Each structure stands twice: as structure tokens, then as C-alpha cells.
Protein chains: 2
Amino acid sequence: MEQLDETDKKLLRLLQEDAKLTTKELAAQLGLTLSPIYERIKRLEGLGFIKQYVAVLDKNLLGQPITAFCQVSMRYHDKAFIDKFEEEIKKLEEVQECYHMAGQVDFLLKIHVSSLDGYHNFVKYKLSEIENIGVLNSTFVLKEIKHNLGYVIH
Amino acid sequence: MEQLDETDKKLLRLLQEDAKLTTKELAAQLGLTLSPIYERIKRLEGLGFIKQYVAVLDKNLLGQPITAFCQVSMRYHDKAFIDKFEEEIKKLEEVQECYHMAGQVDFLLKIHVSSLDGYHNFVKYKLSEIENIGVLNSTFVLKEIKHNLGYVIH
DNA sequence: ACTGAAAGTTAAGATGT
DNA sequence: ACATCTTAACTTTCAGT
């Protein structure tokens, strides 16, 4: 982390807001010329601070307005079962995110579907097909209050 | 949604994987020349399918390895209290995401901090400072199993 | 809607301080 | 670590099919 000076941090803050900013625009905002900006970006990419550049799409326009969080607890906690569950989850396209959690609940899943009926089908024909699931608890997002895409860089 | 043909969908799938693909590369992959690709991208931006372009950073390298999910229930459910809570949450930099949920739990928060001590400070000096919080339940991410950045486009 | 080509910008690299 | 300069590549626009 302390391979980053203030200029690097400003650069990262700008790029995680708008990856289309040109080297020229970045240079102007940071009070430098093109080449140091160019070299810093390449360095930040090389060190892995910048992992990739992506286009952020609108999930509602893409026809997936329903977001659900699904808490899953395993019946048995043998490594083989856990591994199998993780394998299967990775294959399910409805699962946007999956975390192994501390506490009573083993896994937290973030699910995107087109409708409540779609969620029903997901649980019935995909999720519950995975063996060794004990408890399963779903809650739905009514409203997205906040969703930061970037991180706070200190 | 059905303003999109197969070419648009392929374009969106490619751009949400790698926003740095050039028009030339996209054209080659989609079997077209530069100008239709260029115009389609501008159209998809204009219609709002593409919301923005961002650099994806590494939260561990940025010194924020701890992710927690925090379930919050309100004591009273007057509109004024809810509005106030949402306002305050938006100001907290540790809160990456916040959703108003259906069910017993009112809000689900995704929190990023640098340490467990940082989480303690967040709860003690920031979150619990907000009035009208009834129940508060935190769980920590042990391992990220899956985290799709893009959506599945049908 | 797509092709092809022209003009304007930017990225990428080399050289020097 | 940064400034300047060069050219190769890309973006953007437009006439034509």
C-alpha cells in the first residue's frame, strides 16, 4: 500500500470513477505531462492495483430487476461437501456473488433474476439440487439505497 | 430489452468483461467493420444500457481486506426515521452497499474496512451513532467464492 | 444498417533533463 | 521521476451502397 504516493491515489480515484478519461485529461487534472501518467498507470496495472477495466451495465434494462440475498447453511461440514457446494455455485448463472461466512450461516449468495417466478425456479431446480444444503433463507431487495462501485482510498 | 439484437448483446458481454477492447478488436470478433460497432456502442450508452466505464481495483492491495455484512433493523418504522437512516448511511465511507430489504431485517449493509479493529470503530463511533437502530447483526466474509462483475445477458 | 476512407486524437515508446 | 517529441494506432465522422 505504501508503494503509492498521493498522485497514484488520485489517479486510482479518478480511474475507478471513469476509466475512459484520457491520459491527457488525467495529466491536466494532476498537473503533470502525459508520460508520467502513462507510466504510473502501467505500473499500477502491473502491480495489480488495477485489475481490469469494465463497462457497467444497467440490470433493470437488461431485464433482471430482482435482487435477492440467500443464506445457506450446510448439513455437514466435511471439506468434500464444502468443495462440492462451491463448485456447483460457480456454475449457476443467477449467482452474482457467493461468500463463505463466519457464524451460523455458511454461505451468503447474491442472486439476480428477472422475476419472482424466476427466483422460484432457481431455488427449486438449481439451488436445492445441490446436496447437503441444510437451512436456506431468502430475502429480497426492495430498494438499493447505496452501491459504491469503487473503494475509498486513504 | 428487445431493443437489443444478438450483436448488441455480444457487444455488451464483451465490454463488461473488458472495456479496453478497441473498436477494431470488437469489429473483428463480431464480423463487422468499425463504424457499425462504434455507432452501436454510442447507442447503448445513450439508451443507458452502458452506465459507465470503471477501473476495477484490488481491495486487498488498497488495504481493505475485511468485508462484513451487517443486518440492521429499525426500532420504529416512521418514514422520517427511515429517511434519516438512509441519509446517514450514504455519508459513511465504510458502507460499500446498502439495501432496504423485505423481511424482519430492514437493511443489509456491505462494509469494507482495513481490520477488525476498524470494524469495531465503525460500529461504535459511526453506525450506532445513527438513531433508531434496534437490532444490529454482523457477519464476516471468510472467503470470496464467486464475484461476477457483469450480468448474464440472455 | 453496413462499407470504406479521411481527418482528428490519443497511445506508446524513445530520448533527454 | 518528469518533459518533449515522434509515429503508430485508434476514434470519430462522413460520403456512398
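Just so we're clear, the structure is a prediction, and the values are computed from it rather than from any experiment. Here is how names work: the chains are called A, B, and so on, in the same order as the sequence lines, proteins then strands, and each is numbered from 1.
Applying the salt bridge (Lys or Arg N to Asp or Glu O under 4.0 Å) rule to Lys126(A) yields the partners Glu94(A); only residues at least two apart in sequence or on another chain are considered. Partners of His100(A) under the ring-ring contact (aromatic ring centres under 6.0 Å, His included) rule, at least two apart in sequence or in another chain, are Phe107(A). In this structure, the salt bridge (Lys or Arg N to Asp or Glu O under 4.0 Å) partners of Asp83(B), at least two apart in sequence or on a different chain, are Lys79(B). Partners of Phe140(A) by ring-ring contact (aromatic ring centres under 6.0 Å, His included), not counting sequence neighbours, listed by chain and number: Tyr119(A). Scored by the ring-ring contact (aromatic ring centres under 6.0 Å, His included) test, Tyr99(A) finds Phe69(B) as partners (sequence neighbours excluded).
Taking 4.5 Å as the limit, some side-chain heavy atom of Val72(A) sits within range of a side-chain heavy atom of Cys70(A).
On the nucleic acid side, DNA chain C has its first and last nucleotide under 4.0 Å of a heavy atom of chain A at dT10(C) to dG13(C), going 5' to 3'. For DNA chain D, the span of nucleotides reached by chain B at under 4.0 Å from its heavy atoms goes, 5' to 3', from dC10(D) to dC14(D).
Taking a 4.0 Å limit (strictly below) on heavy-atom distances, residues 26-45 of chain B reaches DNA chain D at Leu34(B), Ser35(B), Tyr38(B), Lys42(B). A heavy atom lying under 4.0 Å from DNA chain D marks the following residues of residues 11-25 of chain B, by number: Thr22(B), Thr23(B), Lys24(B).
Sequence neighbours left out, not one pair with a member in residues 131-154 of chain A passes salt bridge (Lys or Arg N to Asp or Glu O under 4.0 Å). Judged as a side-chain hydrogen bond (donor to acceptor under 3.5 Å, both in side chains), the pairs with a partner in residues 57-67 of chain A (not counting sequence neighbours) are, in order, Lys59(A)-Thr67(A), Thr67(A)-His112(A). For residues 104-118 of chain B, the salt bridge (Lys or Arg N to Asp or Glu O under 4.0 Å) pairs, not counting sequence neighbours, are Glu97(A)-Lys110(B), Glu97(B)-Lys110(B).
Atom CD of Glu6(A) has more than 12 heavy atoms from other residues, nucleotides or ligands within 6.0 Å. Summarising the local packing, NZ of Lys20(B) is surrounded by more than 12 heavy atoms from other residues, nucleotides or ligands at distances under 6.0 Å. Enclosure of atom CD in Glu45(A) by more than 12 non-hydrogen atoms of other residues, nucleotides or ligands within 6.0 angstrom is indicated.
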